[in-house]
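Below is one structure; the comments refer to it alone.
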Amino acid sequence: MNANVPTVTFEIDGRAVEAQPFDTLFDAAARAGIDLPHLCHKDGLEPAGNCRACVVEVDGERTLAPSCCRHPAPGMKVRTDSERAVAARKMVLELLLSDLPATARTRDDEVAQWAGKLGVGASRFPATRAVPAPDPSHAAIEVNLDACIQCTRCVRACRDEQVNDVIGLAGRGENARIVFDQGDPMGASTCVACGECVQACPTGALAPARGAALTVPDKQVDSVCPYCGVGCQLTYHVKDNRIVRVEGRDGPANHGRLCVKGRYGYDYAHHPQRLTVPLIRREGVPKRGDFTMDPERVLDVFREATWEEALEAAGGGLARIRDAHGGRALAGFGSAKGSNEEAYLFQKLVRTGFGSNNVDHCTRLCHASSVAALLEGIGSGAVSNPVMDVTRAEVVIVIGANPTVNHPVAATWIKNAVRTGVKLIVADPRRSDLARHAHRFLQFKPDTDVALLNAMMHTIVEEGLVDPAFIADRTSGYDALAANVANYSPEAMAPICGIDAETIRYVARLYATAKGAMILWGMGISQHVHGTDNARCLIALALMTGQIGRPGTGLHPLRGQNNVQGASDAGLIPMMYPDYRRVDEPEAQAKFEAAWGRALDGKPGLTVVEIMDDILADGIKGMYIMGENPAMSDPDANHAREALAALQHLVVQDIFLTETAYLADVILPASSFAEKTGSFTNTDRVVQLGRQALNPPGDARQDLWIIQQVARRLGLPWKYDGPAAVFDEMRKLMPSIAGITWDRLERDGAVTYPCRAEGDPGEPVVFTQAFPRESGRARFVPADIIPADERPDAEYPVVLITGRQLEHWHTGSMTRRAGVLDALEPDPVALVHPLDLEALGGRPGDVITIASRRGEVALYARADDGTPRGAVFVPFCYYEAAINRLTNAALDPFGKIPEFKYCAVRVQVGGHVAGQGSYGGGQILDPVAQSQA
């Protein structure tokens with residue numbers, strides 16, 4: 001209970017108890033150790049009081065009270081064990097049993113459990129309703145409404161928690177029934193398969209498909225989600241070394257919620273294409289960047305090897321290049337999907353074993369420009385406030401991001417905040433689902449971010465809406481910023497960005513005058529040649545209005561992969577040691593040389609795209625790639641594949657034969673997320689523990705072991721007993737996590753950094769007093785309009801925008817091998833405005849060909865009126881339509897990030913979608929059949 005809130009004293013079953021006025025009788029009884037039956041009640045959902053299983057008797061009242069809806073009053077006398085209340089509860093259970101099927105739909109059937117606890121046997125009453133037909137239309141969820149008790153938990157989970165508004169209650173009385181949209185089959189509805197309804201359902205009327213709800217697991221393992229940066233906590237249910245289902249857990253970022261990937265994207269770990277034995281390229285088999293990959297013919301290209309042979313070939317080959325050409329002839333790509341400990345050891349291996357700083361990972365392709373601007377402006381590349389702070393803000397701006405697709409659980413908190421009165425501003429060239437919840441939606445023209453943001457700042461400066469005290473006390477460079485934005489009036493910028501001047505002014509005033517305003521952004525901001533300038537403008541907006549350093553304010557670049565924050569913190573970037581100490585800073589270099597016992601290169605290394613260019617310039621000759629797939633994720637992917645094929649020696653450590661692995665000389669079979677233990681840092685700066693739930697298949701090994709074995713072949717005598725030993729070394733060198741011990745992670749599961757001393761609670765909100773720059777002041781950096789590197793013209797008149805989609809993630813190597821996810825979105829699609837598609841002479845479902853100056857792909861057209869006219873959006877997860885073959889490798893000069901979000905293409909109807917089913921498709925596992933196999 002909150003000590004600052006007055007309490008109410010009353011009686012339960014003759015005992016004096018205290019509760020707060022907003023507590024329910026159910027809550028008070030639970031604290032008193034009284035276990036009341038309940039079916040419509042579920043923690044986290046608004047009370048409904050419609051099942052009446054939890055009724056209690058209140059002295060002096062004629063009717064029984066549903067304890068989940070009733071609040072205490074001073075002197076109230078409540079009986080939970082009265083004969084009348086107990087009899088009523090038993091009657092409720094008996095009546096419900098009369099209409100339920102004889103065969104359980106889930107082993108956790110709460111009606112059956114409570115009936116057993118209350119001693120209610122077979123019902124004396126006949127069934128009174130028709131038996132609804134099962135609905136097998138959904139790939140992930142079984143719908144058997146014969147088990148429905150109309151508790152409306154699913155309705156409230158869908159409507160109030162996830163705010164997807166798919167499930168409703170239609171009809172009245174005995175004709176009342178659960179429906180999806182307008183009575184559609186679930187598989188044909190707008191359901192996004194978050195599974196919140198399944199987790200909420202007490203009877204299995206909505207249950208995981210293929211009998212998973214009836215499977216009794218061998219064990220349950222608490223872990224975290226392996227996908228986006230939200231960092232949802234979950235529980236794996238494991239049977240015979242296979243995950244049979246997943247449930248959300250009460251973690252700080254999700255409080256039990258999950259999305260479709262977190263809940264159903266787990267069976268990739270069991271896919272038959274898992275690498276289970278080391279592979280070495282056969283003599284005389286050439287590497288080709290323009291390959292057609294066929295996983296079924298892998299042994300035509302590679303031969304199986306022992307671990308000793310493969311490690312000698314891998315590490316020995318790298319060592320020979322180092323010894324012959326120097327450390328800068330080698331480079332490494334680590335993984336944002338791996339743990340903090342793996343990221344730390346990988347960058348340490350490159351710096352001490354290779355002898356260079358040529359180490360990078362996918363942050364270069366997602367938020368490098370955001371980090372560059374944040375380090376320059378405020379001295380830290382991490383977020384200032386957690387996502388959950390949207391519930392404490394008055395105004396929230398989401399710009400260049402599509403959270404309902406890329407960070408679905410974070411999006412639920414934004415939608416929840418809107419329902420409580422928070423004003424949401426969505427700004428993006430594409431209209432996402434989140435826009436329907438927005439107070440204002442600004443659909444600005446692609447590539448005009450700086451014009452829009454400078455016009456907002458012009459309004460704030462011109463109308464005197466800045467925070468002069470904050471500017472004077474905590475910033476520098478304001479005068480230059482103000483002089484720069486004076487040239488960007490909303491009236492002048494409106495024709496450029498496509499938003500009318502009055503709307504720009506209105507949104508600027510709203511943000512500036514709010515008691516608390518927060519900005520969240522994604523790769524729509526960062527993946528431009530002016531991405532750093534875009535982020536500089538967002539930082540300046542927060543600084544000039546003082547909207548930072550307090551709860552409900554701040555700056556939050558949403559992280560794309562599950563550990564991109566932690567991998568960056570651990571030094572998996574070419575110009576920074578762990579904790580963002582520059583490699584060319586003598587003091588930092590001396591510190592890490594002393595700790596690691598090796599001389600270090602004081603020159604910043606090459607970034608992802610620069611490494612590809614250097615390979616073709618005959619500079620870098622060997623690479624070690626762990627869990628990254630640059631042959632799919634790099635811009636101008638044909639160029640990247642050509643570079644990888646040109647390497648003298650390529651070592652790839654992964655769980656599948658990815659497009660990158662196909663070009664390797666040695667492939668080391670690694671562990672999937674659920675097959676290892678490690679710490680991971682989410683977008684909120686929360687360090688969490690992922691625990692091993694499965695054993696790796698065949699002769700696959702855990703990544704931490706493989707990294708150490710490669711290191712030994714490079715002359716590094718490492719011997720870490722496990723992730724705890726690595727983490728302990730990390731925290732001794734990283735002041736931001738110095739107070740986080742491995743024991744604390746095992747005990748608490750999650751700790752926010754900065755946490756500088758053991759026992760400190762951590763700091764969810766930072767920059768409250770000063771900024772971590774030498775002066776303690778944040779810095780304004782003006783930005784001017786810089787056009788995209790490649791503009792549409794007569795030959796290539798359309799703008800290509802790339803990104804992700806809800807069901808698939810990153811390059812698709814995991815999600816396209818997950819049965820449910822692949823069933824929901826099996827084919828490559830391009831999103832085109834319906835009028836543009838009509839103008840092309842096409843219809844939804846037609847094959848279209850998209851071509852740029854670098855290549856072309858063919859895929860299926862999907863009409864999408866959220867895509868602006870003159871643009872096309874394509875996810876980059878489809879091997880058979882690898883859209884990054886078309887994208888432009890032009891770099892932001894500061895963040896060295898490629899311009900994924902803008903290049904010129906032409907679109908025509910017709911073509912052939914090549915290589916369909918190249919992954920063999922996902923296999924939807926039957927946990928019952930698997931447990932019997």
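Please read these numbers as outputs of a predicted model, since none were measured by experiment. The residues of the chain are indexed from 1 along the displayed sequence.
Using a 4.5 Å cut-off on side-chain heavy atoms (C-beta onward), Gln443 and Pro868 make contact. Looking at Ile548 and Leu543, their side chains come closer than 4.5 Å, going by heavy atoms from C-beta outward. Using a 4.5 Å heavy-atom threshold, the side chains of Leu442 and Thr503 count as touching. Side-chain contact between Gln561 and Cys362 is present, with at least one heavy-atom pair separated by less than 4.5 Å. Here the side chains of Thr681 and Asp569 are in contact, with some heavy-atom distance below 4.5 Å. A 4.5 Å side-chain heavy-atom check between Thr768 and Val765 finds at least one atom pair inside the cut-off. Counting heavy atoms from C-beta on, the side chains of Met456 and Ile397 come closer than 4.5 Å. At least one side-chain heavy atom of Phe444 sits under 4.5 Å from a side-chain heavy atom of Pro429.
When atom types are taken as modelled, the side chain of Lys415 and the backbone of Thr404 share no donor-acceptor pair closer than 3.5 angstrom. Although no hydrogens or angles enter the test, the distance criterion places a donor-acceptor pair under 3.5 Å between the side chain of Asn357 and the main chain of Lys603. Distance alone, capped at 3.5 Å, is enough to place a donor-acceptor pair between the Asn884 side chain and the Met632 backbone. For the pair Ser384 (side chain) and Leu555 (backbone), a donor-acceptor distance under 3.5 Å is present. Formation of a donor-acceptor pair under 3.5 Å by the Arg364 side chain with backbone atoms of Gly895 is found in this model. The backbone N or O of Leu424 lies less than 3.5 Å from no partner atom in the side chain of His439, so there is not a single donor-acceptor pair. Under a 3.5 Å cut-off, the side chain of Asp634 and the backbone N or O of Ala640 do not form any donor-acceptor pair. Here the side chain of Thr459 pairs a donor or acceptor atom with the backbone of Ala455 at under 3.5 angstrom. No side-chain donor-acceptor contact under 3.5 Å links Asp389 to the backbone of Arg392. Looking at Asp614, its side chain does come within 3.5 Å of a backbone N or O of Ile620 through a donor-acceptor pair.
Closest of all the heavy-atom pairs between Val766 and Pro754 is CG1-CD, 3.7 Å. Between Asp684 and Val387, the shortest heavy-atom distance links the atoms OD1-N, 2.9 Å. For Arg777 against Ser476, the heavy-atom pair with the smallest separation is CB-N, 4.4 Å. Contact record, Met576 with Arg351: O-NH2, 2.9 Å, taken as the closest heavy-atom pair. Closest approach of Gly546 and Phe470 over heavy atoms only: CA-CG, 3.7 Å. When all heavy atoms are compared, the tightest approach of Val799 to Pro446 is CG1-CB, 4.5 Å.
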Subject >> side chain to side chain contact (heavy atoms under 4.5 Å, CB included) between Asn562 and Lys337, intermediate numbers included >> reply: CA-CA 6 Å; Asn562 63 316; Lys337 298 186 285 289; 3.9 Å; yes
Original post:
Could you go step by step and tell me if Asp836 and Val907 meet the side chain to side chain contact (heavy atoms under 4.5 Å, CB included) rule?
Top reply: CA-CA 10 Å; Asp836 283 352; Val907 183; over 6 Å; no
**OP:** Take Asn534 and Thr532, measure what side-chain hydrogen bond (donor to acceptor under 3.5 Å, both in side chains) needs, and give me the verdict at the end.
**Re:** CA-CA 5 Å; Asn534 294 345; Thr532 302; over 6 Å; no
Subject >> Ser369 and Asp892: CA distance, side-chain angles, deciding distance, side-chain hydrogen bond (donor to acceptor under 3.5 Å, both in side chains) verdict >> reply: CA-CA 7 Å; Ser369 52; Asp892 175 297; 4.9 Å; no
**OP:** In sequence, state the C-alpha distance, the side-chain angles, and the governing distance for Thr391 and Trp413, and then conclude on side-chain hydrogen bond (donor to acceptor under 3.5 Å, both in side chains).
**Re:** CA-CA 7 Å; Thr391 62; Trp413 302 118; over 6 Å; no
**OP:** Show your working on side chain to side chain contact (heavy atoms under 4.5 Å, CB included) between Leu453 and Tyr488 and close with a plain yes or no.
**Re:** CA-CA 9 Å; Leu453 297 171; Tyr488 289 88; over 6 Å; no
**OP:** Might you work through the side chain to side chain contact (heavy atoms under 4.5 Å, CB included) test for Val608 and His361, ending with a clear yes or no?
**Re:** CA-CA 7 Å; Val608 167; His361 75 297; over 6 Å; no
Original post:
Is there a side-chain hydrogen bond (donor to acceptor under 3.5 Å, both in side chains) between His530 and Asp447 once you walk through the steps?
Top reply: CA-CA 9 Å; His530 50 80; Asp447 193 44; 2.5 Å; yes
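The pair Arg328-Asp601 counts as a salt bridge, with a side-chain nitrogen and a carboxylate oxygen less than 4.0 angstrom apart. Using a cutoff of 4.0 Å between basic side-chain nitrogens and carboxylate oxygens, Glu462 and Arg509 are not scored as salt-bridged. Arg582 and Asp584 are joined by a salt bridge, as a carboxylate oxygen and a charged side-chain nitrogen come within less than 4.0 angstrom of each other. Between Arg853 and Glu790 a salt bridge is recorded (basic side-chain N to carboxylate O distance below 4.0 Å). A salt bridge does not link Asp428 with Arg431: none of the charged nitrogens is closer than 4.0 Å to a carboxylate oxygen. For Lys591 and Glu587, the salt-bridge test fails: no basic side-chain N is under 4.0 Å from an acidic carboxylate O.
With sequence neighbours left out, Glu774 forms a side-chain contact (heavy atoms from CB on, under 4.5 Å) with no residue at all. In this structure, the side-chain contact (heavy atoms from CB on, under 4.5 Å) partners of Val529, at least two apart in sequence or on a different chain, are Asp789, Ala890, Glu899.
Results of the side chain to side chain donor-acceptor pair (under 3.5 Å) test with Thr683 over Gln565, His367, His407, His556 single out His556 as the only residue that passes.
Between Glu491 atom CD and Asp500 atom CG the span is 10.0 Å, to the nearest 0.5 Å. Taken from CG in Asn406 to SG in Cys366, the straight-line distance is 11.0 Å, to the nearest 0.5 Å. Taking CH2 of Trp809 as the reference point, atom SG of Cys228 lies at 9.0 Å (rounded to 0.5 Å). Between the CG atom of Leu538 and the CG atom of Asp449 there is a distance of 8.5 Å, given to the nearest 0.5 Å. Atom CG of Asp433 sits about 8.0 Å away from atom CG of Asn402, to the nearest 0.5 Å. Separation of atoms CD1 (Ile737) and OH (Tyr753) is listed at 9.0 Å; rounding is to 0.5 Å.
With ring centers used as reference points, Phe876 lies under 6.0 Å from His810.
Both cation-pi conditions hold for Arg440 and Tyr506: the charged atom is under 6.0 angstrom from the six-membered ring centre and inside a 45 degree cone around its axis. In this structure, Arg430 satisfies the cation-pi test against Phe873, with its NZ or CZ atom closer than 6.0 Å to the six-membered ring centre and inside 45 degrees of the ring normal.
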With a 3.5 Å cut-off and sequence neighbours excluded, list the donor-acceptor pairs that the side chains of residues 374-381 form with protein atoms.
unit_1: Glu376; atom_1: OE1; unit_2: Arg536; atom_2: NE; d: 2.8
unit_1: Glu376; atom_1: OE2; unit_2: Arg536; atom_2: NH2; d: 2.9
unit_1: Ser380; atom_1: OG; unit_2: Ala382; atom_2: N; d: 3.3

